[in-house]
Asks: 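Structure below; questions to follow.
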Amino acid sequence: MTEIKHDIADPALAEKGSKRIAWAERSMGVLRTIRQRFHKEQPLQGVRIAGCLHVTTETANLAITLKSGGAKVVLCASNPLSTQDDVAASLVHDSGISVFAIHGIDTDGYYRHIQSALESNPQITMDDGADLVSSLHSKNRELLEGMVGGTEETTTGVIRLKQMAREKVLKFPVISVNDALTKHLFDNRYGTGQSTLDGIIRATNKLLAGSIFVVTGYGWCGRGIADRARGMGAHVIVTEVDAVKALEAHMDGFRVMSLAEAAGIGDFFVTVTGNKHVLREVHFQKMKDGAIIANSGHFNVEIDIPALESLAKEKRTIRDHMEEYHLRDDRRLLLLGEGRLINLTAAEGHPASVMDMSFANQALSAEYLWKHARTMENDVHPVPVELDRKIALLKLKSLGIEIDTMTDAQEKYLKTWSEGT
Ligand code: ADE
């Protein structure tokens with residue numbers, strides 16, 4: 001343990017972490033299949049991979065898979081509040097993986113950990129939010145020369161990277177794992193849907209049935225949250241800035257209105273837009289006494305917390321992950337998880353069964369990059385469709401689900417244009 005570089009909270013938590021990692025592994029059949037092949041074929045022999053990911057039981061299974069394929073893996077956290085300290089301890093102690101992550105670390109410590117991960121001189125980066133890529137292109141440019149490629153897990157990171165590519169400053173190819181169908185259709189929708197409600201419920205223990213639940217943003221994450229909140233009996237309102245998404249939400253059966261209007265009605269508010277200051281002073285001014293506010297977007301910028309602070313005469317912690325802002329007009333607004341992604345601060349993130357596909361995409365993308373990055377442009381690339389499809393097939397197989405294949409005549413029919421009715 002001592003030779004492995006690390007900065008973790010408590011090595012004594014390793015046993016608990018190891019059991020929880022094994023529990024997650026039971027639902028990660030695709031990653032398990034990849035791990036077995038990696039172990040035999042060693043496709044990442046000696047490759048230095050730095051991951052800046054939420055340090056959870058699911059991420060641990062990814063790190064172990066990469067190591068099984070021969071990689072030298074270093075991990076730091078992609079959010080100061082999402083680290084599971086028992087998992088970090090087990091990775092260092094039981095798997096010999098270098099980890100720099102402590103739950104609740106301050107901003108300086110968070111960035112220090114990113115620097116520690118980069119000291120491993122990575123050839124492949126694996127980001128959730130593009131913090132490694134961003135550091136490599138600003139503070140650590142001397143390391144760019146050794147870089148082969150990167151992968152990106154989340155919508156917010158992909159937006160940052162595509163902007164870098166547009167400005168022609170991106171210095172190595174990056175695969176956008178988020179854009180794979182087997183990632184966003186499942187992780188963003190069902191994963192965020194379930195884990196966000198899990199976080200809100202753990203933080204508040206409030207009944208959702210009959211409540212008015214406002215979801216701001218109707219991307220894949222917003223869809224999942226709105227759908228699951230409806231399933232719990234909440235009256236769901238969706239707010240959007242995109243006309244097409246607003247129409248979809250309307251025809252999916254949700255009430256759609258401006259956030260200014262929803263602000264005065266909602267019992268719960270969840271932001272999932274990827275943008276900043278979505279909930280701000282004008283909205284706080286209208287909210288009901290006791291309104292609950294949470295964010296499930298990547299960064300803690302969606303709720304204008306300084307504005308909330310400035311309206312408050314007093315702030316106090318009511319229970320874990322819940323801060324009460326007592327406003328000067330006597331209303332009380334309740335902010336969950338310091339405005340950081342509530343599914344990872346108050347709960348444990350997405351369940352292993354969806355992370356299985358997300359992280360299968362990560363593992364196969366790393367393998368693909370190691371083989372092909374040198375001939376790829378310095379741009380943001382999709383996960384190759386054949387990998388995406390393979391992951392879907394492996395997932396079905398691991399779930400024991402069989403699907404049909406087309407007959408020869410059907411295949412032929414789809415390739416002809418002359419045959420009609
Ligand atoms: N992002 C959302 N849920 C996650 C999880 N369980 N592990 C890693 N990253 C995540």
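In what follows, residues are counted from 1 in the order of the sequence shown.
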Asks: Going by the rule side-chain hydrogen bond (donor to acceptor under 3.5 Å, both in side chains), which residues pair with Asp10 if we only count those two or more places apart in sequence or in a different chain?
Replies: none
Asks: Should Arg230 and Asp252 count as an ion pair when the cut-off is N to O under 4.0 Å?
Replies: no
Asks: For Met257, is the CE atom crowded, meaning more than 12 foreign heavy atoms sit under 6.0 Å from it?
Replies: yes
Asks: In Å and rounded to the nearest 0.5 Å, what is the OG1 to NE2 distance from Thr204 to His321?
Replies: 11.5 Å
Asks: Do the side chain of Glu41 and the main chain of Pro43 share a donor and acceptor less than 3.5 angstrom apart?
Replies: no
Asks: If you draw a 6.0 Å radius around CD in Glu145, do more than 12 non-hydrogen atoms from other residues or ligands fall strictly inside?
Replies: no
Asks: Could you tell me whether a side-chain N or O of Arg189 sits under 3.5 Å from a main-chain N or O of Leu185, the two making a donor and an acceptor?
Replies: yes
Asks: Got a sec: does the CZ of Arg374 have more than 12 other heavy atoms crowding it under 6.0 Å?
Replies: yes
Asks: If we ignore hydrogens and angles and just use 3.5 Å, is the side chain of Asn295 paired with the main-chain N or O of Gly339 as donor and acceptor?
Replies: yes
Asks: I'd like to check the side-chain hydrogen bond (donor to acceptor under 3.5 Å, both in side chains) partners of Lys16; sequence neighbours left out, ordered by chain and number.
Replies: none
Asks: Under a 3.5 Å threshold, yes or no: a donor from one side chain and an acceptor from the other, between Glu119 and Gln115?
Replies: no
Asks: Can you name the residues that form a side-chain contact (heavy atoms from CB on, under 4.5 Å) with Thr156, not counting sequence neighbours?
Replies: Thr154, His298, Phe299
Asks: Around Arg255, counting heavy atoms of other residues, nucleotides and ligands shown, do more than 12 lie under 6.0 Å from its CZ?
Replies: no
Asks: Give the minimum heavy-atom separation between Val73 and Ala63, together with the two atoms involved.
Replies: CG2-O, 3.9 Å
Asks: Mind checking what makes side-chain contact (heavy atoms from CB on, under 4.5 Å) contact with Lys315, not counting sequence neighbours?
Replies: Glu309, Glu323, Tyr325
Asks: My understanding is that only residues two or more places apart in sequence, or in another chain, count here; which of them pass ring-ring contact (aromatic ring centres under 6.0 Å, His included) with Phe172?
Replies: His137
Asks: For the residue pair Asn361 and Ser365, confirm or rule out a side-chain donor-acceptor distance under 3.5 Å.
Replies: no
Asks: Using a cut-off of 6.0 Å, state whether more than 12 heavy atoms not belonging to Glu411 lie near its atom CD.
Replies: yes
Asks: Testing the basics here: between Gly149 and Leu369, what is the closest heavy-atom pair and its distance to 0.1 Å?
Replies: C-CD1, 3.9 Å
Asks: Salt bridge (charged side-chain N to carboxylate O under 4.0 Å, His left out) with Lys206: which residues, sequence neighbours excluded?
Replies: none
Asks: Counting only pairs under 3.5 Å, give me each side-chain donor-acceptor contact of residues 194-202, with atom names and distances, residues two or more places apart or in other chains.
Replies:
| from | atom 1 | to | atom 2 | distance (Å) |
| --- | --- | --- | --- | --- |
| Ser195 | OG | Gly191 | O | 2.8 |
| Ser195 | OG | Asn343 | ND2 | 3.1 |
| Ser195 | OG | His350 | ND1 | 3.0 |
| Thr196 | OG1 | Thr192 | O | 2.7 |
| Thr196 | OG1 | Ser296 | OG | 2.8 |
| Asp198 | OD1 | Arg202 | NE | 2.9 |
| Asp198 | OD2 | Arg202 | NH2 | 3.1 |
| Arg202 | NH1 | Glu348 | OE2 | 3.3 |
| Arg202 | NH2 | Glu348 | OE2 | 3.1 |

Asks: Please determine whether the number of non-hydrogen atoms from other residues, nucleotides or ligands lying under 6.0 Å from atom NZ of Lys139 exceeds 12.
Replies: yes
Asks: So, the side chain of Thr273 versus the backbone of Asn275: is there a donor-acceptor pair under 3.5 Å, distance only?
Replies: yes
Asks: Has the side chain of Ser18 got a donor or acceptor atom that lies under 3.5 Å from a matching backbone atom of Ser90?
Replies: no
Asks: Check step by step if side-chain hydrogen bond (donor to acceptor under 3.5 Å, both in side chains) holds for Thr59 and Thr56.
Replies: CA-CA 5 Å; Thr59 302; Thr56 63; 3.2 Å; yes
Asks: Does atom CD (Glu386) have a neighbourhood of more than 12 heavy atoms from anything else shown, all under 6.0 Å?
Replies: yes
Asks: So does Arg340 get a backbone contact from the side chain of Glu302, meaning a donor-acceptor N/O pair under 3.5 Å?
Replies: no
Asks: Would you check if the side chain of Asp388 reaches a backbone N or O of Ala180 as a donor-acceptor pair within less than 3.5 Å?
Replies: no
Asks: Considering non-hydrogen atoms only, spot the tightest contact between Val256 and Ala249 and give its length.
Replies: CG2-CB, 3.8 Å
Asks: List the steps and the verdict of salt bridge (charged side-chain N to carboxylate O under 4.0 Å, His left out) for Arg223 and Glu248.
Replies: CA-CA 10 Å; Arg223 280 157 214 247; Glu248 279 186 284; 2.9 Å; yes
Asks: Whether Lys19 and Glu15 form a salt bridge (side-chain N of Lys/Arg under 4.0 Å from carboxylate O of Asp/Glu) is what I want to check.
Replies: yes
Asks: Using a 4.5 Å cut-off on heavy atoms from C-beta on, say whether the side chain of Trp23 contacts that of Thr57.
Replies: no
Asks: Looking at residues at least two apart in the chain, or sitting in another chain, which of them share a side-chain hydrogen bond (donor to acceptor under 3.5 Å, both in side chains) with Glu152?
Replies: none
Asks: Should the heavy atoms of other residues, nucleotides or ligands under 6.0 Å from CG of Asp408 be counted, would the total exceed 12?
Replies: no
Asks: Which atoms form the tightest heavy-atom contact between Ile237 and Ala262, and what is the distance?
Replies: CG2-CB, 4.0 Å
Asks: When rounded to the nearest 0.5 angstrom, what distance separates CE in Met355 from NZ in Lys183?
Replies: 7.0 Å
Asks: Between Ser135 and Asn140, is there a side-chain donor-acceptor contact under 3.5 Å, judged purely by atom types and distance?
Replies: no
Asks: Within the 4.5 Å heavy-atom criterion, are Val177 and Phe359 side-chain neighbours or not?
Replies: no
Asks: Just so I know, are the side chains of Lys171 and Met164 near enough to count as touching, which here means a heavy-atom distance under 4.5 Å?
Replies: no
Asks: Do you know which two heavy atoms are closest between Val272 and Gly222, and how far apart they sit?
Replies: CG2-CA, 3.8 Å
Asks: Report the residues that fulfil salt bridge (charged side-chain N to carboxylate O under 4.0 Å, His left out) with Lys395, sequence neighbours left out, ordered by chain and then residue number.
Replies: Asp356
Asks: Kindly indicate, with the supporting measurements, whether the criterion side-chain hydrogen bond (donor to acceptor under 3.5 Å, both in side chains) is fulfilled by Thr216 and Thr239.
Replies: CA-CA 5 Å; Thr216 296; Thr239 74; 3.2 Å; yes
Asks: Please check this pair: side chain of His103 against backbone of Leu81, looking for a donor-acceptor N/O pair closer than 3.5 Å.
Replies: yes
Asks: Which pairs, with at least one residue in residues 33-56 and sequence neighbours excluded, count as a ring pair (Phe, Tyr, Trp, His ring centres under 6.0 Å)?
Replies: none
Asks: So, using salt bridge (charged side-chain N to carboxylate O under 4.0 Å, His left out) as the criterion, who are the partners of Asp131 when residues are at least two apart?
Replies: Arg160
Asks: Do the side chain of Asp267 and the main chain of Ile292 share a donor and acceptor less than 3.5 angstrom apart?
Replies: no
Asks: Can you give me the closest heavy-atom contact between Asp187 and Ser358, atom names plus distance?
Replies: OD2-OG, 2.8 Å
Asks: In Å, rounded to the nearest 0.5 Å, how long is the span from CD1 of Ile8 to NE2 of His113?
Replies: 10.0 Å
Asks: Going by the rule salt bridge (charged side-chain N to carboxylate O under 4.0 Å, His left out), which residues pair with Glu338 if we only count those two or more places apart in sequence or in a different chain?
Replies: none
Asks: Applying side-chain hydrogen bond (donor to acceptor under 3.5 Å, both in side chains), run through Asn178 and Asn188 and close with a yes or a no.
Replies: CA-CA 9 Å; Asn178 186 66; Asn188 300 29; 3.1 Å; yes
